[in-house]
Amino acid sequence: MTRNILAIVLIVLATNLTGQTRLVVKPNETIAEIQPTMYGIFFEDINFAADGGIYAELVKNRSFEFFEPMMGWLEPNSDRHSLNLKSGKATPIKRSSDEKNQHFIKVEVNDPNGYSIINEGFRGMGIKKDDTYNLTFMASQESGIKHVIFSLLAQDGSTIGADTVTVSGNNWKNYATSIKATKTCPKAKLKITFSESGTIDMDMISMFPEDTWKGRPKGLRKDLVQLLADMQPGFLRFPGGCIVEGRTLDRRYQWKKTVGPIDERENLVNRWNTEFTHRPTPDYYQSFGLGFFEYFQLAEDLGAQPLPILSCGMACQFNTGELVPLEELDPYVDDALDLIEFANGDPSTEWGKVRADMGHPEPFNLKYLGIGNEQWGPEYFARYKIFDKAIKEKYPDIVVVSGSGPFPDGEYFDYGWEQLKKLHAEIVDEHYYRPPQWFLDNATRYDEYDRSGPKVFAGEYAAQSVAIASPENKNNWDCALSEAAFITGMERNADLVVMTSYAPLFAHIDGWQWTPDLIWFDNLRSMGSANYYVQKMFSTNTGDDVVPIQLNGNDLTGQDGLYATASVKNSTNEIILKLVNASDSDKSLSFDFEGLKKFGKKVSVTTLTGTSPDDMNTLDNPREIYPEESILKTNGKELKLDIGAKSLVVVKLKK
Ligand code: AHR
């Protein structure tokens, strides 16, 4: 109570006769350097982020490797369950167990006019009028069938593009064709029919839009990568999350199985497939078409530092918590060492050659490597120690990122930090999925952290409007604004907090398991959430040095609902202010720039705000919450600014 009264008195003192709150900025007093890695992104294959999302493959279960090999494939007139072949049938065939590509289908056709197989896509296929779709498949023709017809079907069953491929030869061959779509359809399907009766083996039936990110064949979805590029991220953490750990060790993410020819990448059930009973996704698998090579390439495209995370020999502790005995950890440690060689090694090395053969002889310049995701307890530190030692012995320049468990406080967290300090860890990953109020209350979280210990990576955070992992959580303005307030606290402590990323990144509107998420999409459209624009306003307006911005000699950490950070960007000679007004009332602010006689007369002001805490962007209304840019003309000596209630404002002025 007394503290509140004191705060009000101080604010009144700092408020001049015109009702303005006077803030003092000290552009010549650096308090921290902001690392280029400060604002990054965290990619996890959750919510159809990879298959069904950024990986632009349109055919689900293209190589028949799901537990049910025909999942995703419809056979309207199948004779699979009959002794007589009237129309036709497709039978999954299992190759010998040492083959990486385990299954193909044998298609027997009796009535070419009556039989078809149809792929339903990932909740349909997004097809755009006049765009070209590149189809590839492997086939071995046994008898009869000479022509395979591929048709794109719209939701009403009409054909919106088709092409016929001539097949020959009783041996596996690769075939390719292209289809130009005559209509746009968000939930199309791919139908396969045959001109003749007979038998044919088929595998790896794949279709990609030609128009991918950077036009790469079998590449990434352009609109989704563009949203990432627009953030100018400093790093890309991949491939998760819990997906790294697996529900069991057998189902952990193994990067070596995700590189090389795509038909040899062993598919794996996605751990989010059955994780939540409220959002079951039985058709969620990992084809690994987006594998470690592609992740590194994406990081390079984005100008972001790659930050791969590897299993430390512990399955997810929320699931089985299965452990590799310490004396059997070598293959896991080798995976880490080999990954560094894959990323950075000369093409003459074993793993450097794999990278070079995939088309990238130059190194990917890997600097950071995460060991474990959200592990806790002594078992983690025993394993982390072994990894750290082996990595540092061979690659002393690689920065090892360690974890502090799933929670931002409590027993696991405290124990984790204590151990990591003793182990002289370099960067510790912290995760916080908490209510919006927690974010508002924690803008000072890092003010008192020990500066002699490890640096901090805020690797996963997002305000939860209802509760952690609740399917009712929303990407609303209330949450986004609270995150903005919290980020000012991280930026102010940029000497300690060197990396930050919101989580999770992507969600398919029909295929998600976890909410809230930064970017939402369907098969054709995508949009940044309110939280996305908060992230983007921070990440694209980063200075080099943090400088003080104060009210009555104190940092702005929520007094009267105001949070702020100020920085200086040397290359553009700018002062950048990020102001968060989390209160219900508009604020009139005036600024004193200490030691600065004048500044550029044109001041850029970007505002992000909502009309209510529940406001959200949607695919139909993606700009409900969207940054608005304006230029404020000043006399170059005085800056006065009114900022609305519940808003984030970025101000840029030339020194
Ligand atoms: O972001 C979703 C999940 O939350 C991540 O996989 C995990 O690290 C955390 O528990």
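All of these numbers come straight from a predicted model, not from anything done at the bench. When a ligand or atom number is given, it counts from 1 through the structure's own listing order. Excluded from the calculations below are hydrogen atoms, water molecules and symmetry mates; all remaining heavy atoms, backbone and side chain alike, are included. In this chain, residues are counted from 1 in sequence order.
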Any side-chain donor near an acceptor of the partner, Glu374 and His431, under 3.5 Å: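 Judged by distance alone, the side chains do pair up.
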Where is the nearest protein heavy atom to [atom]: which residue, which atom, and how far?
| atom | answer |
| --- | --- |
| atom 3 (C) of ligand 1 | Glu460 OE1, 3.8 Å |
| atom 10 (O) of ligand 1 | Glu374 OE1, 2.7 Å |
| atom 1 (O) of ligand 1 | Tyr433 OH, 2.8 Å |
| atom 6 (O) of ligand 1 | Glu44 OE1, 2.5 Å |

Judging by distance only, is a nitrogen or oxygen of Ala503 under 3.5 angstrom from one on ligand 1? no
Could you tell me whether Arg221 sits above the aromatic face of Trp213, with NZ or CZ closer than 6.0 angstrom to the six-membered ring centre and within 45 degrees of the axis? no
Report yes or no: is the cationic atom of Arg265 (NZ for Lys, CZ for Arg) closer than 6.0 Å to the six-membered ring centre of Phe288, at no more than 45° off its axis?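 Output no; distance or angle outside limits.
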So for Trp272 against ligand 1, with non-hydrogen atoms under 4.0 Å, the contacting part is side chain
Please work out, at 4.0 Å between heavy atoms, whether the side chain, the backbone, both, or neither of Phe318 comes within that distance of ligand 1.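 For Phe318, no heavy atom sits under 4.0 Å from ligand 1.
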Check this for me, if you would: do Asp522 and Arg525 make a salt bridge, where the nitrogen-to-carboxylate-oxygen distance has to be below 4.0 angstrom? yes
Quick test of your reading of the model: are Glu266 and Lys257 salt-bridged, counting only N-O distances below 4.0 Å? yes
Taking 4.0 angstrom as the limit and counting only heavy atoms of Pro504, give me the atoms of ligand 1 inside it, by number and element. 1 (O), 2 (C)
I'd like to check which ligand 1 atoms, numbered from 1 as shown, lie under 4.0 Å from a non-hydrogen atom of Asn373. 7 (C), 8 (O)
Glu426 pairs by salt bridge (charged side-chain N to carboxylate O under 4.0 Å, His left out) with which of Lys367, Lys421, Lys392? Lys392
Start with the C-alpha distance between Asp51 and Arg62, add both sets of side-chain angles, then the distance that settles salt bridge (Lys or Arg N to Asp or Glu O under 4.0 Å), and finish with yes or no. CA-CA 11 Å; Asp51 291 279; Arg62 64 185 172 194; 5.8 Å; no
